[in-house]
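Each remark here refers to the structure printed beneath this line.
Being a predicted model, the structure only gives us computed values, none of them experimental.
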Amino acid sequence: MFIQTEPTPNPNVLKFLPGRAVALDGSLDYRDIEAAAASPLAEALFEVEGVASVFFGADHVSVTRAADGPDWSGMKAPLLAALMDHFVSGAPLTRDSSGIEGHAADDNEIVAEIKALLDSRVRPAVAQDGGDILFDRFDEAEGVLYLRMRGACAGCPSSSATLKAGVEQMMRHYVPEVQRVEQTL
């Protein structure tokens with residue numbers, strides 16, 4: 001098995017491409033070792049010194065290193081070993097299905113249109129950089145769309161530019177009810 005690595009726009013995040021499906025039912029984000037208990041792979045990755053968070057996308061794993069931790073040259077080999085061990089073993093990604101992001105069946109027409117645009121136009125582009133962008137809520141009265149950035153996009157210096165220059169302009173064009181896009185944590 002060969003696992004490729006790619007840098008991301010966020011210098012503290014490295015993207016790992018195992019060449020197979022990772023999280024097909026939705027992305028998963030683990031921000032600490034306690035949350036990682038839901039995933040054998042996330043737990044193994046957090047055992048590597050300097051890991052601050054782990055994100056699973058459809059075909060990749062993004063690992064964020066602590067700003068004050070070791071550099072990538074010291075972390076890459078143990079991370080690759082943990083990934084290789086997991087994928088070769090055939091173990092499941094999670095111990096249960098908790099935490100997988102999905103769509104609510106009771107979304108109104110505007111929210112459904114926003115989510116469809118995010119899924120078809122925004123999320124694939126953001127996934128190329130090792131991250132994800134998720135619908136949080138839409139305030140119809142104010143016209144404000146709240147989104148959550150995850151993976152390499154969370155804390156990335158260019159994430160606010162992505163939201164304002166890219167996502168906000170597109171949403172305002174296709175969904176006139178959206179007046180502004182804001183990031184939630």
Side-chain angles (χ1 to χ4, degrees), residues 1-102 122-136 146-163 167 182-185:
M1 174 178 198
F2 179 71
I3 300 173
Q4 294 179 320
T5 59
E6 287 182 2
T8 70
N10 184 341
N12 289 325
V13 179
L14 194 58
K15 182 177 172 182
F16 295 85
L17 298 155
R20 62 177 62 180
V22 178
L24 286 181
D25 293 330
S27 59
L28 297 164
D29 196 22
Y30 300 101
R31 297 190 177 239
D32 56 44
I33 188 69
E34 290 79 25
S39 167
L41 177 55
E43 274 187 321
L45 294 171
F46 268 101
E47 290 175 6
V48 175
E49 182 187 354
V51 171
S53 69
V54 174
F55 174 80
F56 299 136
D59 65 350
H60 69 277
V61 176
S62 294
V63 176
T64 304
R65 69 179 181 90
D68 60 348
D71 62 15
W72 286 119
S73 63
M75 294 177 66
K76 198 172 179 181
L79 289 170
L80 285 167
L83 287 162
M84 182 83 68
D85 289 348
H86 174 80
F87 286 110
V88 168
S89 76
L93 186 63
T94 61
R95 292 185 171 90
D96 61 33
S97 61
S98 65
I100 295 177
E101 299 290 337
V122 179
R123 292 180 81 193
V126 172
Q128 291 293 316
D129 288 335
D132 198 6
I133 187 167
L134 297 173
F135 175 86
D136 186 41
Y146 294 92
L147 301 172
R148 285 184 289 146
M149 306 292 274
R150 300 193 326 172
C153 297
C156 177
S158 62
S159 66
S160 61
T162 299
L163 280 178
V167 178
E182 297 290 332
Q183 181 175 346
T184 59
L185 300 175

Ser73: side chain to side chain donor-acceptor pair (under 3.5 Å) partners, not counting sequence neighbours: Asp71
Distance-only donor-acceptor pairs under 3.5 Å for side chains of residues 75-88, two or more places apart:
unit_1: Lys76; atom_1: NZ; unit_2: Thr5; atom_2: OG1; d: 3.2
unit_1: His86; atom_1: NE2; unit_2: Ala91; atom_2: O; d: 3.4

field: Spatial distance of atom OH (Tyr30) from atom OG1 (Thr94) [nearest 0.5 Å]
entry: 5.5 Å
task: Can you measure from CD (Glu43) to CD (Glu34) and round to the nearest 0.5 angstrom?
output: 10.5 Å
- request: Would you please name every residue forming a side chain to side chain contact (heavy atoms under 4.5 Å, CB included) with Gln4, sequence neighbours left out?
  value: Phe2, Leu17
- prompt: Going by the salt bridge (Lys or Arg N to Asp or Glu O under 4.0 Å) test, which pairs reach into residues 7-19, not counting sequence neighbours?
  reply: Glu6-Lys15
- prompt: Do you know the tightest heavy-atom contact between His60 and Pro18?
  reply: CA-CD, 4.3 Å
Name every donor-acceptor pair, under 3.5 Å, that has one atom in a side chain of residues 45-58 and the other anywhere in the protein, sequence neighbours excluded.
unit_1: Ser53; atom_1: OG; unit_2: Thr64; atom_2: OG1; d: 3.0

query: Which pairs with one or both residues in residues 50-69 pass salt bridge (Lys or Arg N to Asp or Glu O under 4.0 Å), sequence neighbours excluded?
result: none
message: Please give me the minimum heavy-atom distance between Asn10 and Thr8, naming the atom from each residue.
response: O-OG1, 2.8 Å
field: Gap between atom OH of Tyr146 and atom CD of Gln183 - 0.5 Å precision
entry: 12.5 Å
field: Atom pair CD1 (Ile3) and CZ (Arg20), whose distance is rounded to the nearest 0.5 Å
entry: 8.0 Å
